[in-house]
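Just below is one structure, and these are the notes that go with it.
Quick note: numbers below take in every heavy atom, side chains included, and nothing from hydrogens, waters or symmetry partners. Reminder, nothing fancy here: chain letters follow the sequence lines and each chain counts from 1.
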There are 2 protein chains.
Amino acid sequence: MSVHKLENPRRNVADTAEPLGFRPLYRQVKAIFVRRLVDGVWAPGESLPSEGQLATEIGVSQGTVRKALDELAAENLLVRRQGRGTFVAEHDERRILFQFFKLVHDDGERRFPDSTVLGVETGKADESEYVALDLDGEADVIRIRRLRSLDAVPIILETLTLPQRVFPGLEAGPIPNNLYSLFAARYGVTIANARERLKAVALDADEASQLAAPVGTAALRIDRIAFSLDGSPVERRLSICLTKEAHYLSDLR
Amino acid sequence: MSVHKLENPRRNVADTAEPLGFRPLYRQVKAIFVRRLVDGVWAPGESLPSEGQLATEIGVSQGTVRKALDELAAENLLVRRQGRGTFVAEHDERRILFQFFKLVHDDGERRFPDSTVLGVETGKADESEYVALDLDGEADVIRIRRLRSLDAVPIILETLTLPQRVFPGLEAGPIPNNLYSLFAARYGVTIANARERLKAVALDADEASQLAAPVGTAALRIDRIAFSLDGSPVERRLSICLTKEAHYLSDLR
DNA sequence: GAGTGGTCTAGACCACGAT
DNA sequence: TCGTGGTCTAGACCACTCG
């Protein structure tokens, strides 16, 4: 039944000494599942086979499958719903809002900002870009510049840098507000997590005119690198944010 | 053996309809453990009885105890070490550095900043303080103002506000660099988590002189509220941070 | 009622750390 | 060698969702 080679499917008397490290069975099972997500065998929104089916298919107990699925759910890659099944997570607005959008209006409400694209261009990566995206110096990138507004008030000036190799042709089409959903649907690239570095800066002349604020106004500069399922950086996003009526919310747990 | 009243120790035929909600056994067990942490029955650094001992004591299976302990470990309240045992988490420098201190030098190294206390005072909470700490308007608070430096460079101007009721006499003694450790040791108050709100601001004259930077320099303003084990806010910490050589690091998962 | 994930149990064995 | 937490299994039953 099982078509997967699992290390040490049963550690028995005849085992030679383990060379180094030990990989529990449920992590090997998890790796199989991650591979299916990366390969698109299981696509966003789809429901997975039941725990029991997966267990017999792979040849382990249901408890082992459960532990693998639980870890993937904890990483927001799967969504489990009692009585319904297990589903591949989607980058719908709600998920983005809670997982990837930390700028919240001071009134406490989370809202999804509108976007106006200011420009799209392609070119060679500059140093900060190829370092961030782990590219070589001659790599081509796509740059998208857009202005984002909450309640029609411009609040974020955003510059995205994407490796052209990963997203060929993206520069030609329309740029949707929800990019991560497009990455998944059109390129099979799932954004799994991101790292943001924040600094306070003063607006320069260009930023000031775009954001309709005085030159020199203090603003939040967010330098985000987003990673795909396989751990490689696939997006760099530099945001300049006004924080007069909004703040960056960070939960420390 | 068990001295704890567990709801529905066994759901059986005679059960009347459940009124509302359902509380799994392992969460009830977890609540017992949290209570022991709050009451100081299990103090920071101490080792807990083994899973088996706890299971027989409470009268549930080892697997149920395990699930409760696993959740507490995931919340950084316990530390589990294979082969050694389960321990109550301490607020040592390393934990603080990773869990509660997000300002990182641009070179990527995490270092614990030095502190110089500028002043300690007591008084009535102002509005922002009693709102943050969920106090009534007449409550007394302790305020600590200090300057924190990385590599001898002043980088954070910090104002702490603490409810005097929770930390009586704290204003009289010396203020250590690691306050959370003091909270635990002297007042039995464990900081479990915190919420930070960030904005970009321009330095005023006072802040500028303390931080040895020009008036109007863009700086990061971090408004932290820290919560104790029982979920009540016990510290408000307002930090003004220079981000010329450091940044706030936020991982989105 | 059928099917799904969620809980709970009991028991065997493994990896790790200290003795 | 022993005690600890970690893994894995098998099976029973519960809570939730949907047809």
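- Remark: side-chain polar atoms of B:Lys199 are not paired, donor with acceptor, to backbone N or O of B:Ile222 under 3.5 angstrom.
- Rounded to whole angstrom, the span from the CD atom of A:Glu51 across to the C1' atom of D:dC8 amounts to 15 Å.
- Ring geometry for A:Phe100 against A:Tyr180 counts as perpendicular: the plane angle is over 60°, on a 0 to 90° scale with 30° as the lower cut.
- Of the listed nucleotides (C:dG6, C:dC8, D:dG5), D:dG5 has the atom at the smallest distance from the side chain of B:Gln82.
- Straight-line distance from the CD atom of A:Gln62 to the C1' atom of C:dC8: 13 Å, rounded to whole Å.
- The side chain of A:Arg84 contributes an N or O atom lying less than 4.0 Å from OP1 or OP2 of D:dC18.
- Considering only the side chain of B:Ser50, D:dG5 comes nearest among C:dG5, D:dG5, D:dT7.
- Counting only residues at least two apart or in different chains, salt bridge (charged side-chain N to carboxylate O under 4.0 Å, His left out) contacts with residues 59-72 of chain B comprise B:Arg27-B:Glu71, B:Lys30-B:Glu71, B:Glu51-B:Arg66, B:Asp70-B:Arg80.
- The stretch residues 224-239 of chain A participates, sequence neighbours left out, in these salt bridge (charged side-chain N to carboxylate O under 4.0 Å, His left out) pairs: A:Glu158-A:Arg237, A:Glu196-A:Arg224, A:Asp223-A:Arg236, A:Glu235-A:Arg237.
- In this structure, A:Leu69 places its CG atom 8 Å from P of C:dG5, rounding to the nearest Å.
- Regarding B:Arg66, its CZ atom lies at a distance of 16 Å from the P atom of C:dT7, rounded to whole Å.
- Distance from the side chain of A:Lys67 is smallest to D:dT7 among C:dT7, D:dC8, D:dT7.
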| task | Just do the salt bridge (charged side-chain N to carboxylate O under 4.0 Å, His left out) check on A:Arg36 and A:Glu57 with the steps written out, would you? | result | CA-CA 14 Å; A:Arg36 292 184 185 181; A:Glu57 182 212 334; 2.7 Å; yes
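- Among B:Thr190, B:Asn193, B:Asp39, the one residue that satisfies the side-chain contact (heavy atoms from CB on, under 4.5 Å) test with B:Leu229 is B:Thr190.
- Phosphate proximity of D:dA10 to A:Ser61: absent, as no side-chain N or O sits under 4.0 Å from OP1 or OP2.
- Between B:Tyr26 atom OH and D:dA15 atom P the separation is 14 Å, expressed in whole Å.
- Counting to the nearest Å, the C1' atom of C:dG3 and the CG atom of A:Leu48 are 16 Å from each other.
- Contacts of residues 70-81 of chain A with DNA chain C (heavy atom under 4.0 Å): A:Arg80, A:Arg81.
- Across the protein-nucleic acid pair, B:Gln28 atom CD and D:dC14 atom P stand 16 Å apart, rounded to whole Å.
- With rounding to whole Å, A:Ile58 atom CD1 is found 13 Å from D:dC8 atom P.
- Using a 4.0 Å cut-off, some side-chain N or O of B:Thr64 falls inside it from OP1 or OP2 of C:dT9.
- Partner of B:Arg148 under the side chain to side chain donor-acceptor pair (under 3.5 Å) criterion, chosen from B:Asn177, B:Thr116, B:Asp114: B:Asn177.
- Among D:dT4, C:dT9, C:dG6, the nucleotide with an atom closest to any side-chain atom of B:Val60 is C:dT9.
- When the side-chain nitrogen and oxygen atoms of B:Thr86 are compared with OP1 and OP2 of D:dG5, one or more of them lie within a distance under 4.0 Å.
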